[in-house]
Amino acid sequence: MRISTALVTRDVETCWRIFTDVALLTSWVPGLRRAQVITKERGLPSEIHFEFASSLAYTLIYRYDREHNEVHWTPKLGKRDGVSGFVRFEQEGTGTRVTYALEQGERRTAAERALSDPDPVLAAFAARVSEAR
């Protein structure tokens, strides 16, 4: 599992809101063409299907831990092509420390692995969060 961290200048709630808003995913996830909520639990997406610019597609199951401000995901369909991981948001001063961890499926190509590399994904998220209102 690869782990990346960044300090962003926004509060935990803003980070949480942007990360869990499926409609915003294409604005910051590199190469993501479409994200579709399949099911929701308690108002949050629990199953999401992802389609990337290439032929890569998979479905992830999400779990939320509000006490620790964590989101965890595991593959449902396309397990060998999908990803699993977590994100954690921790207040640090006036900003938020974001920890993003990702483990990629064994059948992913080098190009697919590059799309999901934690460093650029987290950098894109941090940039998107800094633009939020």
Side-chain angles (χ1 to χ4, degrees):
M1 185 167 284
R2 295 232 12 248
I3 298 174
S4 185
T5 61
L7 185 59
V8 296
T9 58
R10 300 306 295 266
D11 60 279
V12 168
E13 289 307 313
T14 300
C15 292
W16 179 274
R17 179 179 51 80
I18 290 172
F19 194 90
T20 59
D21 187 340
V22 175
L24 295 177
L25 289 174
T26 57
S27 74
W28 64 268
V29 175
L32 183 62
R33 184 171 47 89
R34 182 171 180 234
Q36 178 184 5
V37 175
I38 306 297
T39 58
K40 283 187 172 187
E41 290 182 19
R42 293 178 295 223
L44 290 168
S46 57
E47 185 175 343
I48 304 171
H49 183 73
F50 295 90
E51 296 175 11
F52 287 82
S54 63
S55 61
L56 181 64
Y58 52 84
T59 300
L60 299 178
I61 303 297
Y62 282 77
R63 292 185 299 61
Y64 302 89
D65 178 349
R66 280 302 270 159
E67 182 180 345
H68 298 102
N69 293 313
E70 292 181 357
V71 179
H72 295 258
W73 55 91
T74 55
K76 177 181 181 182
L77 302 174
K79 193 170 265 193
R80 290 172 31 198
D81 297 321
V83 295
S84 59
F86 71 89
V87 67
R88 178 182 313 117
F89 305 108
E90 301 169 283
Q91 194 68 45
E92 187 167 309
T94 59
T96 301
R97 172 145 320 271
V98 182
T99 302
Y100 184 83
L102 198 66
E103 185 171 355
Q104 302 199 41
E106 62 193 41
R107 281 194 4 193
R108 297 189 105 200
T109 66
E112 292 166 349
R113 288 179 182 279
L115 268 179
S116 297
D117 183 277
D119 294 333
V121 171
L122 185 54
F125 175 75
R128 177 63 181 90
V129 167
S130 71
E131 300 168 354
R133 294 182 185 145

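The residues of the chain are indexed from 1 along the displayed sequence. Just the heavy atoms: all of them, side chains too, but no hydrogens, waters or symmetry mates, feed the values below.
Of all heavy-atom pairs spanning P30 and F52, the tightest one is O-CE2, 3.6 Å. Heavy-atom minimum distance, L24 versus R128: CD2-NH2, 3.3 Å.
Using a 4.5 Å cut-off on side-chain heavy atoms (C-beta onward), P75 and Y58 make no contact.
Between the Y64 side chain and the P45 main chain, a donor and an acceptor come within less than 3.5 Å of each other. Under a 3.5 Å cut-off, the side chain of T96 and the backbone N or O of R10 do form a donor-acceptor pair. Side-chain atoms of S46 come within 3.5 Å of backbone atoms of T39 as a donor-acceptor pair (strictly under, hydrogens ignored). Checking side-chain atoms of E13 against main-chain N and O of C15 turns up no donor-acceptor pair under 3.5 Å.
Using a cutoff of 4.0 Å between basic side-chain nitrogens and carboxylate oxygens, R88 and E67 are not scored as salt-bridged.
Here the straight-line distance linking atom OG of S4 with atom CG of L102 works out to 10.5 Å at 0.5 Å rounding. Considering CH2 of W73 and CZ of R63, their distance stands at 11.0 Å, rounded to 0.5 Å. Taking CD of Q91 as the reference point, atom CG of D11 lies at 6.5 Å (rounded to 0.5 Å). How far OG of S84 is from CD of Q104: 9.5 Å, rounded to the nearest 0.5 Å.
Aromatic ring pairs are classed by plane angle as parallel below 30°, tilted from 30° to 60° and perpendicular above 60°; the pair W28 and F125 is perpendicular.
Follow the hydrophobic side-chain contacts under 4.5 Å out from V22 and you never reach F86; the two are in separate clusters. At a threshold of 4.5 Å between side-chain heavy atoms, the hydrophobic network of Ile, Leu, Val, Met, Phe, Trp and Tyr places I3 and F89 in two separate groups. Linking Ile, Leu, Val, Met, Phe, Trp and Tyr whenever their side-chain heavy atoms come within less than 4.5 Å leaves I61 and F50 in two separate clusters. Taking hydrophobic clusters as Ile, Leu, Val, Met, Phe, Trp and Tyr residues chained together by side-chain heavy-atom distances below 4.5 Å, W16 shares a cluster with I48. Side-chain heavy atoms closer than 4.5 Å link hydrophobic residues (I, L, V, M, F, W, Y) into clusters, and following such links, even through other members, never connects I38 to V29.
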Task: E47/T59 under side chain to side chain contact (heavy atoms under 4.5 Å, CB included): CA gap, chis, key distance, verdict - done: CA-CA 7 Å; E47 185 175 343; T59 300; 3.5 Å; yes
Open item on the list: T14 vs I18, test: side chain to side chain contact (heavy atoms under 4.5 Å, CB included). Steps then yes/no.
Closed with: CA-CA 6 Å; T14 300; I18 290 172; 4.0 Å; yes
Task: Intermediate values then yes/no, side chain to side chain contact (heavy atoms under 4.5 Å, CB included), D119 and R2 - done: CA-CA 9 Å; D119 294 333; R2 295 232 12 248; 3.2 Å; yes
Open item on the list: What verdict does the side chain to side chain contact (heavy atoms under 4.5 Å, CB included) test give for Y62 and T20, after you've listed the backbone C-alpha separation in whole Å, the side-chain angles of each residue and the deciding distance to 0.1 Å?
Closed with: CA-CA 10 Å; Y62 282 77; T20 59; over 6 Å; no
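Considering only residues two or more places apart in sequence or on other chains, R97 meets the side chain to side chain contact (heavy atoms under 4.5 Å, CB included) condition with T5, L7, E90, E92, T99.
Annotation: R66, atom CZ; neighbour count of heavy atoms from other residues, nucleotides and ligands within 6.0 Å is above 12. By the 6.0 Å contact criterion, CD on E41 is open, its count of non-hydrogen atoms from other residues, nucleotides or ligands being 12 or less.
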